[in-house]
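Side-chain atoms are counted along with the backbone in the values below, which use heavy atoms only and exclude waters and symmetry mates. Since this is a predicted model, take the numbers as computed values, not measurements. Numbered from 1 within each chain, the chains take letters A, B, ... in sequence-line order.
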Amino acid sequence: MLDIRLIREDAPAVKARLATRSGQYADLIDLILACDARRRESETRVQHLRAEKNRLSKEIGGIKKSGGDSSELEAQVKGFSEEMEDLGRTASELDAEQRDLLLRVPNLPAPGLPEGHDADANVAIRHWGEPAPMNPEDHVAIGERLGLFDLERAAKISGSGYVLYTGAGARLERALINFLLDLQTRAHGYTEIAPPVLVRRECMEGTGQLPKFEDDMYGFDEGAAFLTPTAEVSLTNIHRDEILQESELPLKYTACTPCFRREAGSAGRETRGMIRMHQFDKVELVKICTPEQSEAELESLTGDAEKVLQLLQLPYRVLELCTGDIGFSSSRTYDLEVWAPGQGGYLEVSSCSQFGDYQARRMNLRYKNNEGKNVFCHTLNGSGTALPRLYVALLETHTKPGGPLILPEPLHPYFGASQIG
RNA sequence: GGUGAGGUGGCUGAGUGGUCGAAAGCAGCGCUUUGCUAAAGCGCCGUACUCCAAAAGGGUACCGAGGGUUCGAAUCCCUCCCUCACCGCCA
């Protein structure tokens with residue numbers, strides 16, 4: 001959520017920055033400004049009225065104490081209350097309306113981002129490894145040949161967009177999860193969390209999935225609860241409505257959870273195999289820090305995710321997303337794209353973002369700084385990494401046509417063997 | 001699901017209709033004294049919104065949430081949420 005003061009004080013600058021995103025927000029800002037003006041006006045009137053009422057009520061208390069007759073004053077105050085009811089209702093309605101409008105404004109892109117309205121303007125800032133030549137056997141064929149998973153039976157159980165890992169394939173998924181969590185906790189210092197995957201509506205608003213993207217989520221009880229689309233939601237909301245101590249920052253959390261997405265409107269796009277799923281596992285990294293720390297923390301977070309691909313010997317590239325391609329709540333994002341020889345292209349396996357105080361403001365997450373002031377925290381997150389696409393890249397990179405899957409060395413102890421098939 | 005007890009400021013905890021935004025203690029900040037740490041004394045110390053051109057200074061709201069009673073509610077009533085205890089059920 002943007003600071004209403006910032007919008008009030010410099011609406012043209014806010015509009016100009018939002019204009020670099022995809023989507024139109026200028027009208028929304030105007031609505032907010034109008035609402036803010038009306039809200040403050042009616043708030044001020046209620047407050048004056050209430051002040052007068054409080055004053056008279058105290059007077060009545062004094063009169064009663066000294067045994068006098070206060071019935072005239074009482075009648076007068078009673079008249080006040082009725083008048084106030086309407087005004088008060090208007091004020092609180094406007095307040096709710098303003099919050100609702102503010103929740104629909106995305107974060108401002110950080111200064112210095114490449115500008116552009118779609119993915120074409122993203123900038124590749126580094127490459128790692130040598131992309132293998134096209135593999136004629138893609139992960140679906142490899143998985144079938146080696147008996148690692150069964151997409152058809154998954155569809156029979158749950159529909160398209162689900163996977164049923166089988167035998168060694170299931171063990172490989174579990175080995176990957178353990179490898180990833182151990183890496184992020186032991187080598188990179190994240191605290192492992194096993195959170196609930198059903199979250200309240202407020203949490204989804206806190207991180208920014210709601211109110212705008214409700215159609216993409218699996219909701220329950222008329223929108224009171226949702227299956228998490230990412231562990232970002234539960235992890236970032238751990239300290240919602242809290243005031244942390246500056247000395248305990250940065251906080252670093254990781255969790256592996258299933259993620260649930262409707263993927264509405266994605267039918268036909270990248271739907272073969274396990275590239276786009278309604279349910280998938282993902283190891284998520286979340287940091288809560290001070291504004292001063294957040295720049296460096298984004299770089300190290302991205303490095304923590306990259307380490308996964310390096311250890312698994314999977315060539316990848318890092319993209320800096322342009323203003324039009326960053327997510328709703330993000331102010332800056334690096335995408336990690338792993339090379340998938342069976343696809344002949346790159347797959348996004350991690351998205352590392354900095355949110356500034358945008359999410360913290362939504363979830364009222366603050367820390368007490370060394371001067372004793374309460375300040376909104378900065379939040380960051382990134383995948384470390386998504387499992388199915390990592391799995392795809394692993395299969396397509398480390399399998400020769402008709403041959404076994406040769407596992408990279410770091411997975412051997414986790415899987416209990418060095419190859420499959 | 002049932003019964004009972006609770007939810008007060010960063011924390012602990014008093015307060016059952018009227019100068020209560022809320023005693024006291026702890027933590028924090030400042031000063032003084034002695035000193036290596038430490039200790040003692042004194043003072044300050046919630047948040048949000050809003051008014052004023054700004055500062056100074058006002059005002060309003062907030063004692064789990066929402067409603068109600070009343071001239072006036074942390075305090076009385078109702079509903080809901082959460083926590084704890086016991087019972088039931090259950091992986």
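With no hydrogens or angles considered, no side-chain donor-acceptor pair links A:Q245 and A:S247 at under 3.5 Å. With no hydrogens or angles considered, no side-chain donor-acceptor pair links A:E115 and A:T20 at under 3.5 Å. A donor and an acceptor atom, one from each side chain of A:T379 and A:Q359, are located under 3.5 Å apart. A:E173 and A:Y391 share no donor-acceptor pair across their side chains, judged by distance under 3.5 Å alone.
Ion pair A:E205/A:R240 not flagged as a salt bridge, since none of the NZ, NE, NH1 or NH2 atoms sits closer than 4.0 Å to an Asp/Glu carboxylate oxygen. For A:R55 and A:E59, the salt-bridge test passes: some basic side-chain N is under 4.0 Å from an acidic carboxylate O. With salt bridges taken as basic N to acidic carboxylate O contacts below 4.0 Å, one links A:E214 and A:R201.
The side chain of A:E74 lies closest to B:rC71 when the candidates are B:rC71, B:rC51, B:rC49. With B:rC71, B:rG10, B:rU50 as the candidates, the nucleotide lying closest to the side chain of A:K78 is B:rC71. The side chain of A:R366 lies closest to B:rU47 when the candidates are B:rU47, B:rG59, B:rG18. Minimum atom distance to the side chain of A:R40 is reached by B:rC51, of the listed B:rG59, B:rG72, B:rC51. For A:R50, counting side-chain heavy atoms from C-beta on, the closest listed nucleotide (B:rC71, B:rA61, B:rC51) is B:rA61.
B:rG2 and B:rC11 have their P atoms separated by 31 Å, with the value rounded to a whole Å. For the P atoms, the distance from B:rC77 to B:rU70 is 16 Å, rounded to whole Å. Taking atom P on both nucleotides, B:rA23 is separated from B:rU19 by 13 Å, rounded to a whole Å. B:rG15 sits 29 Å from B:rC71 when the P atoms are compared, rounded to a whole Å. A distance of about 11 Å separates the C1' atoms of B:rA65 and B:rG7, rounded to the whole Å. Between B:rG21 and B:rG59, the distance separating the two C1' atoms is 14 Å to the nearest Å. Comparing B:rU12 with B:rG17, their C1' atoms are spaced 27 Å from each other, to the whole Å. Going from the C1' atom of B:rA61 to that of B:rG9 covers 15 Å, rounded to whole Å.
The pairing partner recorded for B:rG1 is B:rC87, the criterion being a Watson-Crick or G-U wobble arrangement whose two distances lie under 3.5 angstrom. Using the Watson-Crick or G-U wobble rule with both distances under 3.5 Å, B:rC80 pairs with B:rG64. Look at B:rG9: it lacks any Watson-Crick or wobble partner with both distances under 3.5 angstrom. For B:rG35, there is no paired nucleotide, since no Watson-Crick or G-U wobble pair has both relevant distances below 3.5 Å. Pair check for B:rU69 finds none; no Watson-Crick or G-U wobble contact set falls under 3.5 Å. Here B:rC29 sits opposite B:rG43 as a Watson-Crick or G-U wobble pair (both hydrogen-bonding atom distances under 3.5 Å). With a cut-off of 3.5 Å on both pairing distances, B:rA54 has no Watson-Crick or G-U wobble partner at all. Nucleotide B:rC49 is matched to B:rG59 when pairs are restricted to Watson-Crick or G-U wobble geometry with both distances under 3.5 angstrom.
Distance A:K53 NZ to B:rU70 P: 12 Å, rounded to the nearest Å. A:Q98 places its CD atom 8 Å from the P atom of B:rU50, with the value rounded to the nearest Å. Rounded to a whole Å, the CG atom of A:L49 is 17 Å from the C1' atom of B:rG58. The nearest whole Å value for the distance from the CD atom in A:E9 to the C1' atom in B:rA54 is 13 Å. Rounded to whole angstrom, the span from the CG atom of A:L94 across to the C1' atom of B:rA61 amounts to 17 Å. If you take NE2 of A:H239 and P of B:rG10, they are 17 Å apart, rounded to a whole angstrom. Between the P atom of B:rG10 and the CD atom of A:E248 lies a distance of 14 Å, rounded to the nearest Å.
Between A:Q245 and A:D36, the residue whose closest nucleotide on RNA chain B is further toward the 5' end is A:Q245. Mapping A:A75 and A:N374 onto RNA chain B via the closest heavy atom, the residue that lands nearer the 5' end is A:N374.
Under 4.0 angstrom from either OP1 or OP2 of B:rG18 there lies no side-chain N or O belonging to A:K64. A sub-4.0 Å separation between OP1 or OP2 of B:rA48 and a side-chain N or O of A:N364 is absent. For the pair A:N54 and B:rU60, the criterion of a side-chain N or O lying under 4.0 Å from OP1 or OP2 is met. Residue A:R5 has a polar side-chain atom (N or O) positioned under 4.0 Å from OP1 or OP2 of B:rC49. For A:K58, no side-chain nitrogen or oxygen approaches OP1 or OP2 of B:rU19 to under 4.0 Å.
No engagement by A:R55 is indicated, since no non-hydrogen atom pair under 4.0 Å with the nucleic acid exists. Nucleic acid contact for A:L73: none, since no nucleic acid atom lies under 4.0 Å from a heavy atom of the residue. Residue-level contact check: A:R8 touches the backbone only, with heavy atoms under 4.0 Å from sugar-phosphate atoms and none from bases. Note on A:D95: nothing from the nucleic acid sits closer than 4.0 angstrom, heavy atoms only.
Side chain of A:T333 to backbone of A:S353: no donor-acceptor contact under 3.5 angstrom is found.
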